[in-house]
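Just so we're clear, the structure is a prediction, and the values are computed from it rather than from any experiment. Indexing begins at 1, ligand by ligand and atom by atom, following the structure's order.
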Amino acid sequence: MFGGHDTITANICWTLFLLGHHPEIQEKLYEEVHGILQHKSTPTLVSELSNMKYLECVIKETLRLYPSVPVVSRKIEQEITLGEYKIPASTNITLHIYALHHLPETFPNPNKFDPERFFPENSQNRHPYAYLPFSAGPRNCIGQKFVMYEEKTMLSSLINRYKVTAVDTREDIKFSIGLVLKPLKGIILKLERRE
Ligand code: HEM
């Protein structure tokens, strides 16, 4: 349940929340999605999903700001040196993905929601481990390609039909402490049907 359900649900909620605060980004996304789907209620072809390039950047940027899995843990097998620190073998460590995604040296103005950070020209020189919503190495997320298909299907169907407005501010939202980064008291959104 944690792997395939809560993570995706959380990210879809955070994405709608951020779009609800950024009408200009939502409009740009609507133009892309509507250009592809026209009056279809939902995508039915993989090619339609593959063409939703801006939506992919929106999802990635949401996973940067609100990574569904904010920390991962590992047991170190061999002693390693990190800068001036020596970490002995058998140490349990926690990698803070949320903090990693908010480093201003990698993501200037880190709290700003800016999907263009993930345009190829803006991300090609980024360190491969600077952005880790799906972790890395041999135990990374096996569902990450599926995530994009499922989220694009769900979000494009919604954005093509509804205009979303967020009621709470970003500052109002408190996180619930758990394996998945969720809003403590949910998120209230207003949906208006597009003509
Ligand atoms: C937004 C959605 C998702 C996010 C952010 C996410 C993130 C992650 C992360 C960070 C890990 C590594 C955990 C660790 O290193 O301790 C992981 C592992 C895993 N994920 Fe996902 N995940 C998502 C959706 C999914 C889906 C849809 C599936 C299945 C269809 C899935 C299946 C798994 C499995 C089986 C593992 C364990 C892999 C292993 O230990 O070898 N995840 N996920």
Open item on the list: Could you walk me through whether V164 and Q26 satisfy the side-chain contact (heavy atoms from CB on, under 4.5 Å) test, starting with their C-alpha distance in whole Å, then the side-chain angles of each, then the deciding distance to 0.1 Å, before giving a yes or no?
Closed with: CA-CA 8 Å; V164 182; Q26 190 178 156; 3.8 Å; yes
Task: Selection from G143, P67, P133 by shortest heavy-atom distance to atom 10 (C) of ligand 1 - done: P133
TODO: Give a yes-or-no answer on whether the side chains of S68 and T7 include a donor-acceptor pair shorter than 3.5 Å.
DONE: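 On atom types as modelled, these side chains do not qualify, holding no pair under 3.5 Å.
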Out of all atoms in ligand 1, which are within 4.0 Å of some heavy atom of [X]? Include the element for each.
X    : result
S135 : 10 (C), 12 (C), 15 (O)
N140 : 38 (C)
V72  : 13 (C), 14 (C), 15 (O), 16 (O)
R74  : 14 (C), 15 (O), 16 (O)

Open item on the list: For a 4.5 angstrom cut-off between non-hydrogen side-chain atoms, does N160 reach H39?
Closed with: no
Task: Partner set under side-chain contact (heavy atoms from CB on, under 4.5 Å) for L103, not counting sequence neighbours - done: L100, E105, T106
Task: Contacts of I25 that satisfy side-chain contact (heavy atoms from CB on, under 4.5 Å) - sequence neighbours left out - done: L19, H22, Y54, V58, F113, P115
Task: E32 bridged to K28 by N-O distance under 4.0 Å - done: no
Open item on the list: Checking the N or O distance criterion of under 3.5 Å, is ligand 1 in contact with E151?
Closed with: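 No, there is no polar N/O contact under 3.5 Å.
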Task: Geometric N/O contact N11 with ligand 1, under 3.5 angstrom - done: no
